Amino acid sequence: MQNDKKAPETQWGLNEIISHCKEYGFIFPSSEIYDGLSAVYDYGQMGSQLKKNLRDAWWKSMTQLNDNIVGIDAAIFMHPTTWKASGHIDSFSDPMIDNKDSNKRYRVDHLIENFAETLKEQEAKELLDEMDRLLQADDLKSLYDLIVKYNIKCAVSKTSNWTEIRQFNLMFDTKLGSVSEEADKIYLRPETAQGIFANFLNVQKTGRLKIPFGIAQTGKAFRNEIVARQFIFRMREFEQMEMQFFIRPGSQMKWYEHWKAERKKWLEEIGIPSNKLRYHNHVKLAHYADAAVDIEFEFPFGWKELEGIHSRTDFDLKQHQQYSKKKIQYFDNDLNEEGKPIGNYIPYVVETSIGLDRLFLTVISMSYEEEKWLKEDGSEDSRVVLKIPAKLAPMKVAILPLLKKDGLPEIAKKIFDDCKPHFHCFYEEKDAIGKRYRRMDAIGTPFCITVDHQTKEDNTVTIRFRDDMKQERIKIDELKGVILKALQ
RNA sequence: GCGGAAGUAGCUCAUUUGGUAGAGCGAUAGCCUUCCAAGCUAUAGGUGGCCGGUUCGAGCCCGGUCUUCCGCUCCA
């Protein structure tokens, strides 16, 4: 189809990956039997396992391999004031207006500001003051009147044929309480970070944690994106893996550089090719950040953000301190140059934030291959294979009797039962062996164990490697050890 | 949200001026096979996205609607 911006060196693109994900139980469009739900996807039997493996790998690297990082699991619902404090209510709800002739959409403030630049200084100031007042008051009707009064035109169509002003907010809201009239509006969190900030004191005190330390969390977040496209890259419901690292003020650049390097290193360690990763510095910074960088991956549709590292200063904790009227401070017992404790301060924060779904898409993108080659008799052979790093693969091992007779299935089932507790195994005796290998390739199973007649003589089986299709013969007794070693 | 394109079995598609839908692959159950898909047999699976209109009769014509894709708008 038309969407296929395939990387130049390959014959496949996003569409092939989407099809493959659906065909083999990785990802389905949500509510497909009801014609689907835009920009929402379900993870299937293979996908949910791969996703879990990625989440587990991240969680382990953060909370187990760093002795100064702990994990939490905060609720999706938070007190509405949280989002006042974080700035999400004010900064990310923009009134929009469309021009009916050009179909161009504008943010109302941008439209008026651009127009103001054409006015004399005094007039412009009056207009902008009025705009600010109305924006503050959420008075969309009067804002519309203002646009009409000044006869502001669309730059493209040169007309002032405007739609009504509509409020766009990226946050989903719902009602807390079963009686809707008495209920309060609450939001589905648009990021997990605020659950960490709101629990800063709880975790720091109960964990007796000393700065610098980090709090990690994985979980769902929700954003009402205007346009959601590119498969699971941008979804309305998605999963974040975030870590907020709390540090002494003034040390933010050191830690920013530290995590910038650490995170790219980790991505490479789990198997992402380094030539598919790059940094992209933010020029325009968000209201809370004093430095920000993306780690981008080369997706089938181009270089896009996979993970962000942000120096968030003390913005968030300071905001929560102000809105909650609770002192959010840390007493630092380390001594300064004068030999006295450094004392109280609001910690600074360096954040690492990666989208689990984007990481999933990254792994699928880099793993997917369509291979073709000539067989010995000259005919063409091919396969689709997911070369997922073994330790991330959803299915680790397939146990296959070469034939469905002569006692081979019985031996294979025995091996299957022995291996089951140690890693995810799949047993299958149907169809020719080559066909079963192909099916395992398609879901990315790194190892196939085949039981043949020789097994009955010397207790050996063949182990077949997914990536090069080579085989080795090994003793059944050594099987578990060999595979466990390969999965490390 | 606007504009354009598309929507027939799990997948890829066919049914050439409207006459109650087929194939390949896949799946399932067998058979045959001692190592890399496409050997044999059988079976399942579609109210042709949905609703309505024209017609004796519509997958094919018309209208609406939903969904997907492409472009634009937005993106901490």
Side-chain angles (χ1 to χ4, degrees), chain A residues 1-5 14-15 18-20 22-25 28-39 86-88 90-94 96-107 110 154 156 163-164 166 168-171 190-191 193 221 223-231 233-234 282 284-289 292 294 304-305 308 310 312 315 351 353 371 373 375-376 379-385 400-406 408 430-442 448-456 461-466 468-471 473:
Chain A
M1 315 222 292
Q2 313 81 326
N3 168 26
D4 245 336
K5 289 173 188 159
L14 187 60
N15 285 337
I18 293 171
S19 299
H20 192 84
K22 190 183 164 193
E23 188 171 354
Y24 290 96
F28 309 118
S30 166
S31 314
E32 200 183 8
I33 60 168
Y34 295 110
D35 282 334
L37 189 60
S38 183
S86 71
H88 282 85
D90 295 326
S91 302
F92 301 126
S93 62
D94 302 315
M96 313 285 271
I97 191 166
D98 294 345
N99 183 275
K100 290 178 188 168
D101 299 315
S102 65
N103 291 320
K104 283 278 284 182
R105 169 172 295 172
Y106 296 89
R107 271 174 59 169
H110 287 176
C154 167
V156 175
T163 63
E164 284 174 34
R166 281 168 299 193
F168 177 78
N169 193 315
L170 93 167
M171 287 196 292
E191 63 174 21
R223 292 179 195 178
N224 203 357
E225 306 276 3
I226 301 176
V227 181
R229 293 250 175 95
Q230 285 161 334
F231 197 36
F233 184 80
R234 177 164 290 149
H282 282 215
K284 201 180 122 203
L285 294 171
H287 60 273
Y288 54 71
D294 291 339
K304 297 278 182 185
E305 177 188 357
H310 296 223
R312 292 182 80 129
F315 176 85
E351 166 192 272
S353 174
E371 295 181 342
W373 66 92
K375 288 195 280 196
E376 283 176 14
S379 64
E380 195 175 73
D381 206 349
S382 68
R383 66 169 182 166
V384 175
V385 55
L400 315 167
L402 184 60
L403 296 176
K404 196 168 50 177
K405 62 178 187 186
D406 302 335
L408 302 186
K430 189 178 159 34
D431 290 322
I433 189 70
K435 201 166 198 169
R436 283 178 272 165
Y437 286 153
R438 288 301 195 285
R439 279 200 281 255
M440 289 301 106
D441 289 340
C448 289
I449 304 300
T450 305
V451 174
D452 58 16
H453 289 85
Q454 193 182 326
T455 307
K456 294 202 285 187
V461 292
T462 60
I463 179 166
R464 180 256 194 194
F465 300 97
R466 175 196 64 200
D468 57 10
M469 299 193 281
K470 297 248 169 64
Q471 283 179 289
R473 187 160 275 279

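In this text the structure is predicted, and so the values were computed from the model without any measurement. Numbered from 1 within each chain, the chains take letters A, B, ... in sequence-line order.
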Report summary line: Sorted by position of nearest nucleotide on RNA chain B, 5' first, the leading residue of A:L403 and A:F465 is A:L403
Report summary line: Contacts of A:H310 and A:S19 projected onto RNA chain B by closest heavy atom; the upstream (5') one is A:S19
**Report entry** Non-hydrogen side-chain atoms of A:L400 and A:R464 separated by less than 4.5 Å
**Finding:** no
Query raised in the report: Atom NZ in A:K405, atom NE2 in A:H453: separation rounded to 0.5 Å?
Result: 7.0 Å
Requested in this report: Spell out, as yes or no, whether a donor-acceptor pair under 3.5 Å connects the side chain of A:R436 to the backbone of A:L402.
Outcome: yes
Query raised in the report: When all nucleic acid strands are considered with a 4.0 Å heavy-atom cut-off, which category describes A:D381: base, sugar-phosphate, or nothing?
Result: base
Query raised in the report: What does A:S382 touch in the nucleic acid at a heavy-atom separation under 4.0 angstrom: a base, only the sugar-phosphate, or nothing?
Result: base
Report summary line: Using Watson-Crick geometry (N1-N3 plus N6-O4 or O6-N4) or G-U wobble (N1-O2, O6-N3), each under 3.5 Å, B:G63 is paired with B:C51
Query raised in the report: Which nucleotide, in any strand shown, forms a Watson-Crick or G-U wobble pair with B:C32, with both distances under 3.5 Å?
Result: none
Query raised in the report: Does the base of B:C75 carry an N or O that pairs as donor and acceptor with the side chain of A:R234 under 3.5 Å?
Result: yes
Query raised in the report: Over how many whole Å does the gap from A:Y437 atom OH to B:A38 atom C1' extend?
Result: 18 Å
Query raised in the report: Would you say the side-chain atoms of A:N15 pair up with the backbone N or O of A:I18, donor to acceptor, closer than 3.5 Å?
Result: no
Query raised in the report: When the distance from CG of A:D468 to P of B:C36 is rounded to whole Å, what number comes out?
Result: 15 Å
Report task. Please evaluate the base of B:C36 for a donor-acceptor partner in the side chain of A:R464 within a cut-off of under 3.5 Å? Result -> yes
Requested in this report: Report the nucleotide, chosen from B:C31, B:U34, B:C36, that has the shortest atom-to-atom distance to any side-chain atom of A:H453.
Outcome: B:U34
**Report entry** Gap between atoms CD and P, on A:E23 and B:U12 respectively (whole Å)
**Finding:** 9 Å
**Report entry** A:R438 side-chain N/O to B:G26 phosphate OP1/OP2 under 4.0 Å
**Finding:** no
**Report entry** For atom CD1 of A:I433 and atom P of B:C32, their distance in whole Å
**Finding:** 18 Å
Query raised in the report: Does any nucleotide pair with B:U43 by Watson-Crick or G-U wobble geometry, both distances under 3.5 Å, and what is it?
Result: B:A27
Query raised in the report: Nearest 0.5 Å, what's the CD1-CD distance between A:I449 and A:Q471?
Result: 10.0 Å
Query - Distance-only donor-acceptor test, A:R439 side-chain atoms vs B:A37 base atoms, 3.5 Å - result: no
Report summary line: In terms of heavy-atom contacts, A:H88 and A:P190 come closest through CD2-CG, 3.6 Å
Report task. Counting Watson-Crick and G-U wobble pairs only, both distances under 3.5 Å, name the nucleotide matched with B:A5, or none. Result -> B:U68
Query raised in the report: Can you tell me the Watson-Crick or wobble partner of B:G57, both distances under 3.5 angstrom?
Result: none
**Report entry** Nearest-Å distance for atom pair CZ/C1', residues A:F231 and B:U68
**Finding:** 13 Å
Query raised in the report: So, is A:K405 near the phosphate of B:U33, with a side-chain N or O under 4.0 Å from OP1 or OP2?
Result: yes
Query - Counter-base of B:C13, judged by Watson-Crick or G-U geometry with both distances under 3.5 Å - result: B:G22
Query raised in the report: In whole angstrom, what separates A:L14's CG from B:C70's P?
Result: 8 Å
Requested in this report: Please examine the side chains of A:K430 and A:K435, heavy atoms only from C-beta on, and report whether any two atoms are closer than 4.5 Å.
Outcome: no
Report task. Ignoring hydrogens and angles, answer whether the base of B:C35 and the side-chain atoms of A:Q471 contain a donor-acceptor pair closer than 3.5 Å. Result -> yes
Query raised in the report: For the pair made of CD in A:E305 and P in B:A76, what is the distance, rounded to whole Å?
Result: 9 Å
Query raised in the report: Quick one: A:R436 CZ to B:A38 C1', roughly how many Å, whole number?
Result: 16 Å
Query raised in the report: Quantified in whole Å, what is the C1' atom distance between nucleotide B:G64 and nucleotide B:C70?
Result: 23 Å
Query raised in the report: Can you find a side chain N or O atom of A:K435 that sits less than 4.0 Å from OP1 or OP2 on B:G26?
Result: yes
Query raised in the report: Just to confirm, is there a sub-4.0 Å distance from OP1 or OP2 of B:C11 to any side-chain nitrogen or oxygen of A:K22?
Result: yes
